[in-house]
Protein chains: 4
Amino acid sequence: MERNEKIMMASDYQNSAHPAILAAMAASNEKAMPGYGTDEICAQAKEHIRRACDCRHAEVEFLAGGTQTNAVVIGALLKPYQGVIAADSGHVSVHEAGAIEHTGHKVLPLQGKCGKISAAQIEACMQEYEQDDNHDHIVMPGMVYLSQPTEFGTLYSRKELEEISAVCHRYHLPLYVDGARLAYALAAEENDVALSDLARLCDVFYIGGTKCGAFIGEAVVIPDPHLIPHFFTIIKQDGALLAKGWLLGIQFDELFKDDLYMHIGKNAVQYADQIKQELVKDGYSLYFDSPTNQIFFVIANDKLETLGQKAVYSYMEKYDETHAVIRFATSWSTAKEDVDKLCQIIRETR
Amino acid sequence: MERNEKIMMASDYQNSAHPAILAAMAASNEKAMPGYGTDEICAQAKEHIRRACDCRHAEVEFLAGGTQTNAVVIGALLKPYQGVIAADSGHVSVHEAGAIEHTGHKVLPLQGKCGKISAAQIEACMQEYEQDDNHDHIVMPGMVYLSQPTEFGTLYSRKELEEISAVCHRYHLPLYVDGARLAYALAAEENDVALSDLARLCDVFYIGGTKCGAFIGEAVVIPDPHLIPHFFTIIKQDGALLAKGWLLGIQFDELFKDDLYMHIGKNAVQYADQIKQELVKDGYSLYFDSPTNQIFFVIANDKLETLGQKAVYSYMEKYDETHAVIRFATSWSTAKEDVDKLCQIIRETR
Amino acid sequence: MERNEKIMMASDYQNSAHPAILAAMAASNEKAMPGYGTDEICAQAKEHIRRACDCRHAEVEFLAGGTQTNAVVIGALLKPYQGVIAADSGHVSVHEAGAIEHTGHKVLPLQGKCGKISAAQIEACMQEYEQDDNHDHIVMPGMVYLSQPTEFGTLYSRKELEEISAVCHRYHLPLYVDGARLAYALAAEENDVALSDLARLCDVFYIGGTKCGAFIGEAVVIPDPHLIPHFFTIIKQDGALLAKGWLLGIQFDELFKDDLYMHIGKNAVQYADQIKQELVKDGYSLYFDSPTNQIFFVIANDKLETLGQKAVYSYMEKYDETHAVIRFATSWSTAKEDVDKLCQIIRETR
Amino acid sequence: MERNEKIMMASDYQNSAHPAILAAMAASNEKAMPGYGTDEICAQAKEHIRRACDCRHAEVEFLAGGTQTNAVVIGALLKPYQGVIAADSGHVSVHEAGAIEHTGHKVLPLQGKCGKISAAQIEACMQEYEQDDNHDHIVMPGMVYLSQPTEFGTLYSRKELEEISAVCHRYHLPLYVDGARLAYALAAEENDVALSDLARLCDVFYIGGTKCGAFIGEAVVIPDPHLIPHFFTIIKQDGALLAKGWLLGIQFDELFKDDLYMHIGKNAVQYADQIKQELVKDGYSLYFDSPTNQIFFVIANDKLETLGQKAVYSYMEKYDETHAVIRFATSWSTAKEDVDKLCQIIRETR
């Protein structure tokens with residue numbers, strides 16, 4: 001097993017695929033398949049996902065990546081004159097190079113707390129819109145975007161989601177949840193939001209594959225299959241339809257046929273906890289106390305270089321004149337020995 | 001080796017990947033990699049492609065699929081008020097669900113001959129535009145799109161491409177070649193257009209992977225690396241940037257490190273020739289005498305069902321009241337015994 | 001009264017406004033008005049139009065120009081993955097600089113006869129779409145665009161419109177009629193399509209002001225006021241909402257309060273007939289025998305210059321190596337003496 | 001002279017046009033003109049504007065309204081992957097129903113002070129962008145939008161504009177100034193920014209007509225005429241080209257031939273000052289001490305209704321639980337007696 005010299009803990013998309021997925025792709029390599037996801041493996045994978053979500057009529061479609069999925073879904077849900085409500089830290093707000101605006105829609109940011117927005121904020125936003133005498137001259141909020149876990153690794157509770165869902169329905173706002181890292185939510189101890197809750201409370205959500213064991217791929221779930229007519233053609237038009245759709249089907253079949261997805265994030269969450277405890281023990285301040293696989297903490301600038309020589313992290317932002325916020329991320333592929341080594345490195349840079 | 005019962009010869013994207021590519025992906029599966037194509041394998045693959053194209057400074061970027069690549073490149077090359085000249089049978093004209101118009105641009109179709117357009121047609125189009133007193137009120141032709149081989153399997157000769165390139169430069173029209181099936185052009189006996197010719201004559205072209213041995217992936221080559229500033233961000237904004245860019249790098253590294261791409265289409269072209277000879281011998285009319293891996297021919301409607309029970313083909317269009325045009329396509333993955341069986345089936349449906 | 005030296009008969013938008021409209025604008029010039037068309041004159045003008053269309057619940061909105069109106073309406077009616085069926089000579093197909101594609105939609109051209117398309121053609125187009133196995137990969141026809149009169153001055157009969165409307169309803173295609181020159185249709189002897197027929201048979205149509213007596217302005221009529229929710233905001237978003245909406249209201253109030261619009265085109269049509277008769281008498285061939293205010297005819301190239309020294313015409317296209325097609329257009333503002341002079345000029349260039 | 005019963009002081013676009021403009025339009029009403037702004041009056045009006053701006057080679061184009069102008073200019077200046085920096089209170093940020101996003105671009109808001117942003121803020125924004133390791137994944141700032149006066153009636157000084165212009169040039173950001181109410185800036189005592197300063201410091205700006213004496217119309221000035229190739233076709237494609245371009249030409253000819261534009265705002269500014277003094281004397285708090293024609297002030301909710309029965313104002317926003325911010329706006333058309341009456345009304349609602 002080849003290993004990099006530095007400990008690589010910068011992201012949760014630094015390894016290719018779970019061995020079971022690789023094996024399944026190898027096993028099917030010589031079989032000729034019909035194109036564009038019309039094959040039987042895709043059909044079977046979709047059926048597994050419907051079962052896991054306890055939502056037997058859901059439309060399920062496979063796309064290649066997260067930004068793509070967000071742009072396709074948001075573009076499909078909004079009317080031309082509508083925008084999408086999102087936390088100001090939401091992936092669609094900041095890190096997609098304007099992909100949402102490229103589809104013609106404004107992102108309407110609400111100030112997040114640890115990456116989360118609340119039902120009360122959404123309600124206030126809608127009331128402000130409706131009470132504005134000139135609201136015909138401004139962008140109509142047309143849907144709500146959440147991420148679970150958020151970009152800061154935090155989680156919405158079932159109660160919070162229920163409240164948000166209720167507000168959304170009251171104001172006819174489709175609720176869309178970005179589950180790029182959903183496996184790490186499902187594996188977190190404090191999590192009480194099951195796939196079936198998402199299916200019950202959301203209008204659309206996606207189950208992330210790229211960061212959760214697959215080579216690539218995200219599974220869009222639309223509980224009401226009539227919600228987005230001609231979604232297939234929309235995917236095609238957005239350049240997001242893979243000719244070899246079965247490549248995505250194989251991966252999600254593997255992730256869901258024996259519920260691999262439900263526990264693939266377990267180790268990552270435990271390792272993240274181990275790293276957090278080490279950081280706290282060594283006097284670092286956590287920036288967010290996130291219960292999933294991402295660890296954000298504050299570090300003195302003069303320690304950054306020392307740390308960077310031994311471990312690859314993600315730089316987030318300046319904290320103050322002498323400190324920065326950085327991130328480690330564990331994943332389904334993280335090895336115990338790397339976590340131990342990283343803890344050792346943290347101790348050494350105390 | 002599992003085999004389908006019917007002979008599947010409907011398309012050239014019905015098999016996953018060349019064994020060498022699968023092996024390379026397996027070999028790298030446990031290695032942690034930096035994201036978004038910033039890894040060393042991508043760098044190496046790009047270098048191989050530059051060498052193969054004899055174009056050492058070219059920008060090379062990897063995308064996931066053909067429609068996506070066309071939309072990204074055309075959107076990047078055109079000014080908002082420009083359209084793209086293409087054959088009326090061009091993939092961008094008809095089979096991309098309006099992906100080009102979705103980027104805001106009109107496709108300006110010219111009537112193709114066997115899928116090809118000529119330098120003279122492009123020149124006439126430009127002269128008509130320039131001589132129109134009201135041309136400020138119509139769409140300005142802003143680039144030219146060709147496919148090599150064309151959607152009908154035909155080829156541009158080097159002389160034809162040189163003439164087209166000359167017209168394009170005269171009218172300041174970037175020339176873009178869609179090489180989704182380029183391996184089958186490179187493998188065709190009558191072909192005299194090398195990769196280095198494309199690099200010399202085009203402003204942008206792409207080397208198709210999806211239909212030519214890769215799982216997925218297309219390599220965009222921009223001989224002048226300054227032609228499209230911020231192409232990386234454009235790819236990101238279009239939702240076309242894979243987090244795990246190395247997955248594409250590995251495949252193109254494999255296809256180009258030992259020139260696999262240059263001969264991966266050889267068998268497909270020979271098999272297509274064998275099928276064409278069988279068809280002609282048995283009295284069928286070829287619709288196009290294409291020298292690559294696609295075979296278009298005319299068949300009586302009453303034979304379609306018989307044939308369809310034994311072989312999977314692509315229905316193209318109605319020929320007349322009693323005949324249809326259908327397609328077989330061989331590929332890098334076609335097995336000799338399947339071709340022999342298909343010839344047998346053709347004889348039987350004579 | 002100042003007069004140009006050359007006879008100007010090139011277009012029907014070469015004069016500012018009918019004196020009654022100018023007078024109404026002058027009369028209201030010192031009155032302060034609420035903005036964005038929320039004033040009483042707009043309300044009154046809309047009511048007149050509803051009455052004239054025998055369609056009491058219609059939504060009526062005023063926009064500034066034809067290309068703008070087409071882009072706004074088509075963008076509002078189509079889903080992102082749909083295109084608009086139009087004659088290949090339709091204004092949206094050729095003369096709007098790609099305004100429709102700029103909204104993300106493909107124009108699906110059908111070959112027109114004298115600028116018109118038929119119910120049978122639309123039906124055939126829809127059947128071809130529905131029968132295409134791969135229609136999920138192509139642009140879905142989503143509405144039909146007609147112009148009445150057409151760009152060639154020809155007219156749809158009531159029977160033709162009824163047939164087209166029936167096909168459109170059968171295939172759930174909204175029918176939209178561009179009435180930029182509608183006053184000249186209403187004034188034509190052979191016309192049997194009343195405003196109430198348009199209101200009964202179309203989903204949206206617009207009553208042209210710019211070419212029919214107004215300074216600027218087009219009145220969009222949507223017989224079912226629920227068809228396009230938030231049309232006001234769509235107009236705003238498209239930059240098509242005038243702050244001083246009453247300026248459009250005043251003009252349409254004047255055109256419709258005493259049915260001025262119903263006869264404002266009468267003289268234009270008679271004068272066009274006089275010019276056509278003169279042309280035919282003098283041996284010219286009409287290119288289309290259009291019954292409204294535009295006259296298209298064939299002229300030898302060597303006579304073009306002679307004619308051009310005395311009269312301003314519109315050059316349409318090359319007819320053959322030695323002839324061209326040109327256009328004269330009369331309008332509500334055409335003076336009898338100019339028509340007589342033009343006939344004299346025609347005789348002299350015989 | 002007809003007068004409304006309530007004093008209307010809600011906006012500066014509540015009257016049609018300056019009498020001189022009305023007279024000029026009446027005088028030209030019977031003259032036939034060539035279309036699309038190719039006439040001599042447009043040419044002459046453009047020449048007057050070039051002279052007034054001391055910028056003899058500038059391209060000048062006339063459009064119909066402000067939101068339209070902003071969308072056309074911003075869409076023309078930005079690359080697809082760029083966004084526009086603007087104050088969070090900027091018209092493009094909030095009051096255009098997403099017109100900018102509709103062109104595919106993100107508005108990048110900076111927190112304004114009294115509607116203004118500073119050179120230092122722009123520089124900080126650019127440094128943050130450039131120093132972000134992941135800036136290829138976020139929207140690139142591509143231009144700067146200012147309004148002069150701002151939406152709150154405040155003014156940039158020449159020094160401030162020079163600093164902003166310098167930063168913009170350093171970072172290759174075109175600087176665009178929205179001059180919807182420019183006449184009121186030019187008429188303000190504290191103003192030291194002349195038209196020639198705008199021409200020297202901006203890449204594009206527009207001279208507002210709609211709010212400054214014209215029926216409709218805004219004059220876009222591009223000091224370097226090569227900056228936006230094919231701007232005419234862009235205008236056409238955006239549905240913003242008037243067939244009867246001379247209607248805009250006549251108005252700007254009138255506004256600039258004898259420098260009417262330079263003093264048309266004088267009375268409005270004086271009247272606004274009179275109203276402000278009255279408000280302050282009567283114990284109201286000004287929300288902004290704006291030196292132009294808009295007056296923003298705080299009023300107790302229980303006085304709103306009393307005031308509203310006698311005067312029409314614009315409601316801006318809630319100030320606190322018991323107060324609101326409202327606006328009066330004077331304009332070129334405001335009558336002295338209405339100002340006096342309004343002052344009387346203010347005293348009565350003290």
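In what follows, chains are A, B, ... by sequence order, proteins preceding strands, each numbered from 1. Quick caveat, the model's predicted, so the values are computed rather than measured.
For residues 104-116 of chain D, a heavy-atom distance under 4.5 Å to chain A picks out Gly104(D), His105(D), Lys106(D), Val107(D), given by residue number. For residues 85-100 of chain A, the interface with chain D (any heavy-atom pair closer than 4.5 Å) comprises Ser93(A), Val94(A), His95(A), Glu96(A), Ala97(A), Gly98(A), sorted by residue number.
For the atom pair CE of Met316(A) and CG of Asn134(D), the computed distance is 8.5 Å after rounding to the nearest 0.5 Å.
Crowding of Glu128(D) atom CD: a count of heavy atoms from other residues, nucleotides or ligands under 6.0 Å not exceeding 12. Atom OH of Tyr319(D) has 12 or fewer neighbouring heavy atoms from other residues, nucleotides or ligands inside a 6.0 Å radius.
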